[in-house]
Amino acid sequence: MADPKATALMEKIVSLCKRRGFIFQSSEIYGGINGFWDYGPLGAELKRNVKELWWRQMTRLRDDVVGLEATIIMHPQIWKASGHVDTFSDPMSTCRHCKKLVRADQVWEQLPENAWAQAVAELCPSGHVDSARLLGWAKGKGQRVAPNLALVRNPEVTLSWLAERVQQNPAPLETKELYQYLATEQFPQTGLVTPCPHCGGELTAPRPFNLMFKTHYGPVESDDNLCYLRPETAQAIFVQFKNVLETSRQKVPFGIAQMGKAFRNEVTPRNYTFRSREFEQMELEFFIKPDEAVEAQAGAVAAVDAAGHPGEPQANWGWQMWHKYWVEERIKFYEGIGLPRTTLEEYWQKPEELAHYARACVDILFKFPFGTQELEGIAARSDYDLSQHERCSGKAMGVFDEELRTAWGKLPKEKQDELWKRYFEARRKYLERTGEVPEKAAITARTNADGLAKGQYIPHVIEPSAGVDRLILGLITHAYSEVTDTDDKGKSETRVIMKFHPRVAPIKIAVLPLLKNKPELVKKAQEVFALLRGEMNTFYDEAGSIGRRYARQDEAGTPFCITIDFDTLGEKPELLNTVTLRHRDDGQQERLPIAELLGYLLPKIR
RNA sequence: GCGGGUGUAGCUCAAUGGUAGAGCUCCAGUCUUCCAAACUGGCCACGAGGGUUCGAUUCCCUUCACCCGCUCCA
């Protein structure tokens, strides 16, 4: 994966980003801080444009999505309910020999899959130790497959501890215990050692890697006021779901959109801004009816068959259609801001990769120079999130659907029973997963299913969740291009052109008087500048030769430059009040009346 | 967190145990009629801290950041 060409390209991009003011290292004058980045003037405009386009497309231009802006610090129990407190603290161990990082909770799952561990287990059937065969293996094959295992490095000593154990307690060893003994060389000093699954070496004691940033609310630090910086924006949407529902005059299916900062104490921030510790997300939680409700109302749930965008939402869409719909909508968004489909990849997570509550998850990946990496995940999360908050907060998170109740009443009895049963099973399964005793889970699930018949349900969720900063990085790496010109003297020079889509470009247009020592040109240029700047981000520049100024704008990614020359002033009367408009990507120019500029430019940048 | 590499001006790179030099960029001026022109002048650097030394950018230690691996996923 470490492609030297890709690394060289990234270095050039990083250098350009600093030179032109897209991205700076945070706190640079104090030596920087790992995992944090700032946006300079051009980067700030770029990011603002992207966020505004997302907000516009996801909420303002839709009838069925409304916005939310919640706080970064929220009630700590939210992160209990969401599972982050538990799942975001992985205990990690390092192998003292091969230096690999291993998740401590996965060591015992990984071990039996490795060749050396299997071999050792076979030498000691059912946990009965056979020292002679172990010794033979250690001096032979073991040298290759588990070079750092204590048994291999120092078989006599290692086996002596094992022999002592067998002498004291003749019962056969569990495989786990066997592995530990074979990894232990200095028993009195270290106690039983856990072996590295890769090489058999000694693992360090597990250290907790808590990925959530902790802080305290109120002036006194104590365990009572511990709280977290949110590791994702999604949970705020779930916990405010009822408030939004009641104030927005929306009905399921509808969505709540939010953009904002999130924080994760990444083990290794890497690849420039791609994995930062402070980052921004753009998330939509789109709430839909459970399939049982859709089926009750529409007769049947639409089947997903055709590839491509499924078109306008329909009443008979179940979660699969809605999921497909949002995948296609999101890809359309990326295409609309200049990332062609060829630069993107869809990755449908395999069933075994899914979180236990997820029905499906599609990652939209972008081909970064350093590898194809995720920009956005679109997850079908069932009714897990709202259910969790209902259970943990004790507040009802369900909705009442008058039309469902009416439709239900008209269903034949067999259909009612069938749907009731399916909903009941789904709810029971969820409740049992949370650790509820089976009898109680069945009772609650029964209540839930009875509720469905009365038009009540907990909405399911489709979640398109995008990382803003990695998208910005994607736009920058995709825009980066070089052209090499050779002049008359044979001197060649490489210039950088940032080919941003006009909709996201930080500066939309530069206004340039051809010469700065001619007051008439400057005056006219200032007039044109004043005309445009209220409508779009416009840059005025009179310093340096015209070619130099074009080159500067190319590096900033400005799609258009207009030049005020003597024809603008009427040197050729028929060209009075016209300007040359230069296109960034090919350097082509055209002549346009000043009066037509806005009409020409605005559609291109919106 | 561990291992390997790197750290000199805004960028790309020099030199040196005796206080840093170039090209480009940037700024100002002269000049300039469309793609980094020329000329003149100017700003700006040894990542940070400690040690060895009469003296450290140079040698040593620590630390920080970046790049490459091991893990992660918006």
Side-chain angles (χ1 to χ4, degrees), chain A residues 1-4 6-8 10-12 14-16 18-21 24-36 88 90 92-103 106 198 204 207 209 211 231-234 262 264-272 274-276 279-283 347 349 353 361 363-365 370 373-379 463-471 483 485 487-489 491 493-496 512-518 521 543-555 561 563-567 571 580 582 584 587-589:
Chain A
M1 197 175 105
D3 176 8
T7 305
M10 277 312 291
E11 277 170 10
K12 284 198 277 190
V14 170
S15 164
L16 175 95
K18 179 166 189 202
R19 177 155 46 91
R20 287 264 87 120
F24 304 130
Q25 197 173 21
S26 168
S27 320
E28 192 190 80
I29 63 167
Y30 286 99
I33 173 164
N34 191 341
F36 298 87
F88 259 50
D90 302 329
M92 307 290 266
S93 295
T94 315
C95 174
R96 290 195 204 278
H97 294 93
C98 72
K99 306 298 181 193
K100 286 200 172 154
L101 194 67
V102 181
R103 269 179 62 169
Q106 289 181 350
H198 304 282
T204 60
R207 268 178 307 238
F209 275 65
L211 298 195
E232 64 172 34
T233 55
R264 291 183 194 178
N265 250 325
E266 294 293 345
V267 180
T268 311
R270 197 55 72 81
N271 284 329
Y272 202 26
F274 182 80
R275 177 166 291 119
S276 302
F279 60 101
E280 195 152 4
Q281 292 183 306
M282 307 187 288
E283 291 195 301
Y347 177 77
Q349 286 189 12
E353 294 172 313
C361 187
D363 294 337
I364 298 178
L365 313 170
F370 47 81
Q373 301 271 358
E374 184 181 353
L375 284 182
E376 170 159 355
I378 298 140
E463 177 192 81
S465 167
V468 184
D469 305 277
R470 44 181 64 179
L471 172 54
V483 285
D485 299 325
D487 65 13
D488 307 339
K489 296 163 205 142
K491 200 178 108 188
E493 195 170 48
T494 300
R495 295 184 298 120
V496 173
L512 317 168
L514 185 59
L515 300 169
K516 95 166 155 178
N517 63 352
K518 295 283 183 289
L521 288 176
S545 74
I546 190 69
R548 173 180 297 266
R549 281 176 279 162
Y550 285 149
R552 280 199 278 247
Q553 293 307 316
D554 286 345
E555 280 197 344
C561 290
T563 304
I564 282 64
D565 60 15
F566 292 97
D567 289 335
E571 197 167 274
T580 58
R582 170 192 182 264
R584 173 196 63 203
Q588 293 297 306
Q589 297 192 354

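Proteins come first, then strands; the chains are lettered A, B, ... in the order of their sequence lines, and each starts at number 1. From a predicted model like this one, the values you see are computed outputs, not experimental measurements.
- To the nearest angstrom, P of C66(B) lies 14 Å from CZ of F370(A).
- Base pairing analysis places G42(B) opposite C26(B); the two distances defining the Watson-Crick or G-U wobble pair are each below 3.5 Å.
- Residues A466(A) and D554(A) each lie close to RNA chain B; by heavy-atom proximity, the contact nearer the 5' end of the strand is made by D554(A).
- With sequence neighbours left out, the ring pair (Phe, Tyr, Trp, His ring centres under 6.0 Å) criterion links Y550(A) to no other residue.
- Take R582(A) and apply the side-chain hydrogen bond (donor to acceptor under 3.5 Å, both in side chains) test, not counting sequence neighbours, and it matches D554(A).
- Note on T563(A): a base of the nucleic acid sits closer than 4.0 angstrom, heavy atoms only.
- We find that CD of E266(A) is positioned 15 Å from C1' of C70(B), with the value rounded to whole Å.
- Partners of D567(A) by salt bridge (Lys or Arg N to Asp or Glu O under 4.0 Å), not counting sequence neighbours, listed by chain and number: K572(A).
- G21(A) comes within 4.0 angstrom of nothing in the nucleic acid, heavy atoms only.
- Within 3.5 Å, no donor on the side chain of R548(A) pairs with an acceptor on the base of C35(B), nor the reverse.
- Applying the side-chain hydrogen bond (donor to acceptor under 3.5 Å, both in side chains) criterion to K12(A), with sequence neighbours excluded, gives E482(A).
- Atom CG of N34(A) is separated from atom C1' of C2(B) by 14 Å (rounded to the nearest Å).
- The base of C34(B) sits within donor-acceptor range of the side chain of T580(A), with an N or O pair under 3.5 Å.
- Note on R264(A): a base of the nucleic acid sits closer than 4.0 angstrom, heavy atoms only.
- To the nearest angstrom, P of U25(B) lies 8 Å from CD of E493(A).
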Nucleotides 5-14 of chain B: which of its N/O atoms have a protein N/O under 3.5 Å away?
from, atom 1, to, atom 2, distance (Å)
C11(B), OP1, K18(A), NZ, 3.1
C11(B), O3', S15(A), OG, 3.1

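- Distances shown here put a side-chain N or O of S545(A) below 4.0 Å from the OP1 or OP2 atom of A37(B).
- Judged as a ring pair (Phe, Tyr, Trp, His ring centres under 6.0 Å), and not counting sequence neighbours, F279(A) has no contacts.
- Checked against the 6.0 Å centroid threshold, F274(A) and F370(A) count as a close aromatic pair.
- Backbone-only contact: L375(A) has heavy atoms under 4.0 Å from sugar-phosphate atoms and none from a base.
- Within 4.0 Å of E376(A), counting heavy atoms only, lie sugar-phosphate atoms of the nucleic acid but no base atom.
- To the nearest angstrom, P of U63(B) lies 17 Å from CD1 of I33(A).
- If you find the closest nucleotide of RNA chain B to G32(A) and to Q588(A), the one lying nearer the 5' end belongs to Q588(A).
- Glycosidic conformation of U52(B): anti, with the torsion beyond 90° of 0.
- Residue K516(A) places at least one side-chain N or O under 4.0 Å from the OP1 or OP2 atom of G29(B).
- For the pair L512(A) CG and U33(B) P, the computed distance is 16 Å after rounding to whole Å.
- Minimum heavy-atom separation, R549(A) to L512(A): NH1-CB, 3.8 Å.
- One interatomic measurement links the two molecules: CZ of R270(A) to C1' of G69(B), which rounds to 7 Å at whole-angstrom precision.
- Side-chain N/O atoms of N271(A) include one lying less than 4.0 angstrom from OP1 or OP2 on C68(B).
- Contacts of T494(A) with the nucleic acid, taken as non-hydrogen atoms under 4.0 Å apart, are absent.
- One cannot find a donor-acceptor pair under 3.5 Å joining the base of A74(B) and the side-chain atoms of Q373(A).
- Residue side chain Y272(A) does not reach the base of C66(B) through any donor-acceptor N/O pair under 3.5 Å, judged by distance alone.
- In this structure, the NZ atom of K518(A) is 15 Å from the C1' atom of C34(B), given to the nearest Å.
- Residue R470(A) places none of its side-chain N or O atoms closer than 4.0 Å to OP1 or OP2 of C73(B).
- If you check every strand for non-hydrogen atoms under 4.0 Å, E571(A) touches a base.
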